[in-house]
**Q** 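I'd like to ask some things about the structure below.
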Amino acid sequence: PRHCPSGWNSWYAYRLEISEELMLANARIVRDRFAPLGATNMQIDHGWQYKDIVGHWVPNERFPHGLNWLRDQLREMGLSLGLWVAVSQVSEFAPLYQDNPSLLLRDDKGQPFVAGANWYWVPHGKTFTLDPTQPEGEALYRRFGEMLRGYGCVYVKNDFQGNLLNSGAVPSDAALTRGAPVYRKAMEAFREGMGPDMAYHACNAPMNIAAGLCDVAWVHGDLGNPGGRWDWLRQFAKDLTCRSHVSGRFYWSDPDYLQVGQGTMDETRVRMAMMALSGGPAFICDRLPELPEERLALIPKCLPSYGPTARPLDLWDRDEYPRVWHLPVETAWGNWHVLGLFNLDEQPGRIDLDLDRLGLQRDKTYVVYDFFADKLL
């Protein structure tokens with residue numbers, strides 16, 4: 001991957017409340033506290049576009065000055081603009097569906113293929129799929145990439161791409177195999193429009209098929225807001241670590257977003273450890289102006305992103321989530337091992353670790369330091 005972006009994301013913090021004013025309020029704190037640690041991209045997630053729908057990528061009334069103005073405001077702070085899109089999805093409320101339904105994938109009766117019967121958020125409605133196998137549709141994918149670049153966006157998170165893989169949808173080009181080839185054609189045109197300098201995050205994408213087209217990939221279910229869902233954390237840990245061997249090679253595996261302002265301190269520490277050990281992108285996702293100082297002070301402990309990803313040593317030893325994550329760190333001034341020991345069960349547990357699995361030298365003495373307790377053991 002060419003790019004490994006880090007910064008702040010709006011979704012878990014504000015969802016469809018996000019606005020120009022909220023972006024700038026959070027950006028000022030990022031500028032002062034986290035930008036020196038590499039967190040420089042301010043990414044607006046779902047909620048910046050026309051009527052909060054998919055398929056028409058122009059800013060809504062919550063961004064009255066437009067995105068180029070917002071980009072300039074961020075640049076003055078030393079920050080950059082990132083945007084969420086779902087370029088293959090077209091809402092029934094989008095002008096594209098109303099004016100050019102012929103540009104959509106069809107069903108076997110020749111009607112626009114319904115990709116989703118009811119979109120997840122207001123105003124809901126059906127969604128359809130922009131067909132990349134006809135010249136005008138392919139050109140639109142390219143033009144959408146160019147449009148985002150024209151807004152001054154340097155990081156794009158493209159979501160809900162699975163509709164391109166539906167084998168029941170009939171492409172205009174009957175000679176093209178349905179599914180993966182249709183997906184690749186769409187994303188190649190979109191990436192071409194973005195240009196080589198824009199970081200691209202493939203969210204909810206077919207992971208192996210997206211390799212080579214994206215810098216970052218979503219390799220798990222959404223982590224969501226903190227809420228004591230340890231069953232969810234267990235599944236997330238398994239999904240994330242199962243892709244550790246491709247992170248930094250196929251793409252960077254995204255560890256989802258760090259929230260320190262909600263939930264118990266136990267869950268906060270688990271989320272901090274997962275992000276720090278995952279390497280790759282590091283995005284904060286809190287309402288920063290509302291956080292008390294003791295919670296704000298937790299964020300720099302996870303920055304900047306180291307890059308390489310920890311390896312789960314016991315992934316194949318048990319059917320559940322891996323409990324032992326190992327990250328060797330090498331710098332110009334020293335090297336050490338970072339070890340994550342995770343108990344995501346609802347009761348206390350014991351983890352026995354064979355230190356030989358860390359590749360330690362038996363004739364050397366090692367110092368053990370507890371990160372969260374801040375003391376030598």
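For the numbers below, each heavy atom of this structure counts, side chains included, while hydrogens, waters and symmetry mates do not.
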**Q** Under a 4.5 Å cut-off applied to non-hydrogen side-chain atoms, are Ser253 and Ser278 in contact?
**A** no

**Q** Side chains of Leu296 and Phe34: does their closest heavy-atom pair fall under 4.5 Å?
**A** yes

**Q** Taking side chain as C-beta onward, heavy atoms only, is Leu233 less than 4.5 Å from Glu267?
**A** yes

**Q** More than 12 non-hydrogen atoms from neighbouring residues, nucleotides or ligands closer than 6.0 Å to CG on Asp363, yes or no?
**A** yes

**Q** Can you label the angle between the His220 ring and the Phe236 ring as parallel, tilted or perpendicular, going by 30° and 60°?
**A** tilted

**Q** Is it the case that atom CD in Glu330 sees more than 12 heavy atoms from other parts of the structure closer than 6.0 Å?
**A** no

**Q** Within the 4.5 Å heavy-atom criterion, are Pro132 and Leu164 side-chain neighbours or not?
**A** yes

**Q** Quick test of your reading of the model: are Arg142 and Glu146 salt-bridged, counting only N-O distances below 4.0 Å?
**A** no

**Q** Is the closest side-chain heavy-atom distance between Arg234 and Asp345 below 4.5 Å?
**A** yes

**Q** Side-chain contact test, heavy atoms from C-beta onward, threshold under 4.5 Å: evaluate it for Gln49 versus Trp84 and give yes or no.
**A** yes

**Q** Quick check on the 6.0 Å ring-centre criterion: do Phe128 and Tyr97 meet it?
**A** yes

**Q** Please check if the side chain of Arg178 supplies one atom and the backbone of Ser167 the other of a donor-acceptor pair under 3.5 Å.
**A** yes

**Q** Arg357 and salt bridge (charged side-chain N to carboxylate O under 4.0 Å, His left out): which partner among Asp317, Asp314, Asp352?
**A** Asp317

**Q** Mind checking whether His65 and Trp69 have parallel, tilted or perpendicular rings, split at 30° and 60°?
**A** parallel

**Q** Parallel, tilted or perpendicular, judged at 30° and 60°: which one describes the rings of Tyr257 and Phe283?
**A** perpendicular

**Q** Is the Trp11 ring parallel, tilted or perpendicular to the Trp121 ring (thresholds 30°, 60°)?
**A** perpendicular

**Q** Does Ala175 offer a backbone N or O that forms a donor-acceptor pair with the side chain of Asp173 under 3.5 Å?
**A** yes

**Q** Measure from the side-chain N and O atoms of Asn100 to the backbone N and O of Leu96, and report whether any donor-acceptor pair falls under 3.5 Å.
**A** no

**Q** Can the ring centroids of Phe160 and Trp119 be said to lie less than 6.0 angstrom from one another?
**A** yes

**Q** Are any of the side-chain heavy atoms of Phe190 and Tyr200 separated by less than 4.5 Å?
**A** yes

**Q** Can you say whether the rings of Trp325 and Phe342 are parallel (under 30°), tilted (30 to 60°) or perpendicular (over 60°)?
**A** tilted

**Q** Given 3.5 Å as the limit, does a donor-acceptor pair link the side chain of Lys185 with the main chain of Asp131, or not?
**A** no

**Q** Do Pro123 and Lys51 touch side chain to side chain, with heavy atoms closer than 4.5 Å?
**A** no

**Q** For Phe372, is the CZ atom crowded, meaning more than 12 foreign heavy atoms sit under 6.0 Å from it?
**A** yes

